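No experiment lies behind these values; they were computed from the predicted model shown. Naming: A, B, ... by sequence-line order, numbering from 1 per chain.
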There are 2 protein chains.
Amino acid sequence: MPKLASRTPHATRDARRIAVIKALAHPSRLAIAEALQAGERCVCDLRDLVGADLSTVSKHLTVMRKAGLLDMEKRGLNVFYRLRCPCLLNFFECVDRLIPAAQPKTTCK
Amino acid sequence: MPKLASRTPHATRDARRIAVIKALAHPSRLAIAEALQAGERCVCDLRDLVGADLSTVSKHLTVMRKAGLLDMEKRGLNVFYRLRCPCLLNFFECVDRLIPAAQPKTTCK
DNA sequence: AGACTACTTGGCATATTCGCCAAGTAAAGC
DNA sequence: GCTTTACTTGGCGAATATGCCAAGTAGTCT
């Protein structure tokens, strides 16, 4: 593919949008993001939440952090992750507002 | 993987959120969604926009339609696609509001 | 009817993502 | 220093996504 990014006017903006959207486009990562809305969590808490290997969860968190979604902080043996921006809440509201549209004849503000 | 969906309380809601988010998590599909904010377009217009094969564009549109993002309508030889819900605009605003957070010390409403 | 245009669908090769295991790092406790 | 706990990173097989070509469908036009 000849790189869409190099042909469109809003290349950089779109690339960043894609990174953010992709970081949320996976069941485990979405569950992590939702959990973090309640406050910071250590990796082992999130492992229990998604029920995957610790290494798998760690890699998901790396994806989200590199997209700009998360901050991390090491305290003692634990590493705590938290949302960089609480407005992620609004983001999900936007998505949910799209969902009723899946049924015909439903209005959507 | 033992299906996250079957273990979480908001399984169905999350599955639909994932479908919507995934439908936007690709450069061509994001570009299509952005273009459709200005109004309906036929498939050949969108092919010119993303610069891919017509069949490729058609498949992208199918993904977006099945996620509940788009409506389609055939008129004459053309098929026109449009956003089911104009609030997709808000959705992108939410994403962009997340982006400044990628730089440290930036506040985000 | 036959030709042409605008798509959609099937199939397949390539690319990307995912998840586990194994190995490595870093802090805490003894 | 040695052990344990909490995590990260490397690697690799398996699953999923992507994109093109070829073939099929459905209107339009003459």
Enquirer: What I'd like to find out is whether the side chain of A/Leu24 reaches to under 4.5 Å of the side chain of A/Phe91, using heavy atoms alone.
Expert: yes

Enquirer: With distance as the sole test, does B/Arg29 use its side chain to make a donor-acceptor pair with the main-chain N or O of B/Ala23 at under 3.5 Å?
Expert: yes

Enquirer: Distance to the ring centre below 6.0 angstrom and angle to the axis at most 45 degrees; does that hold for B/Arg41 and B/Tyr81?
Expert: no

Enquirer: When you compare the side chain of B/Val79 with that of B/Cys42, does any pair of heavy atoms fall below 4.5 Å?
Expert: no

Enquirer: Nearest whole angstrom, please: distance from the P of D/dT16 to the NZ of A/Lys22.
Expert: 17 Å

Enquirer: Walk along nucleotides 9-15 of chain D from 5' to 3' and tag each nucleotide B, S or - by protein heavy-atom contact under 4.0 Å, base first, then sugar-phosphate.
Expert: BBB----

Enquirer: Among residues 37-47 of chain B, which ones have heavy-atom contacts with DNA chain D below 4.0 Å?
Expert: none

Enquirer: B/His60 has an atom NE2; how far is it from atom P of D/dT18, in whole Å?
Expert: 7 Å

Enquirer: Assess whether side-chain contact (heavy atoms from CB on, under 4.5 Å) is satisfied between A/Glu34 and B/Arg13, documenting all intermediate values.
Expert: CA-CA 12 Å; A/Glu34 288 168 350; B/Arg13 186 199 65 180; 3.3 Å; yes

Enquirer: Quick check: does any side chain N or O of A/Arg47 sit under 3.5 Å from a backbone N or O of A/Ser55, one acting as donor and the other as acceptor?
Expert: no

Enquirer: Rounded to whole Å, please give me the gap between CG in B/Leu70 and C1' in C/dT8.
Expert: 16 Å

Enquirer: Hey, does the side chain of A/His26 come within less than 4.0 Å of D/dT16's phosphate (OP1/OP2), counting only N and O?
Expert: no

Enquirer: For A/Tyr81, answer base if it contacts any base atom (sugar-phosphate contacts may also be present), sugar-phosphate if it contacts only those atoms, and nothing otherwise; contact means non-hydrogen atoms under 4.0 Å.
Expert: sugar-phosphate

Enquirer: When you check every protein heavy atom under 4.0 Å of nucleotides 25-30 of chain D, what one-letter string (B, S, -) results, 5' to 3'?
Expert: -BBS--

Enquirer: Taking the cut-offs as 6.0 angstrom to the six-membered ring centre and 45 degrees off its axis, would you call B/Arg17 and A/Phe92 a cation-pi pair?
Expert: yes

Enquirer: Side chains of A/Arg97 and B/Asn90, heavy atoms from C-beta outward: is any pair under 4.5 Å?
Expert: yes

Enquirer: Going by heavy atoms in the side chains, are B/Met72 and B/Leu61 under 4.5 Å from each other?
Expert: no

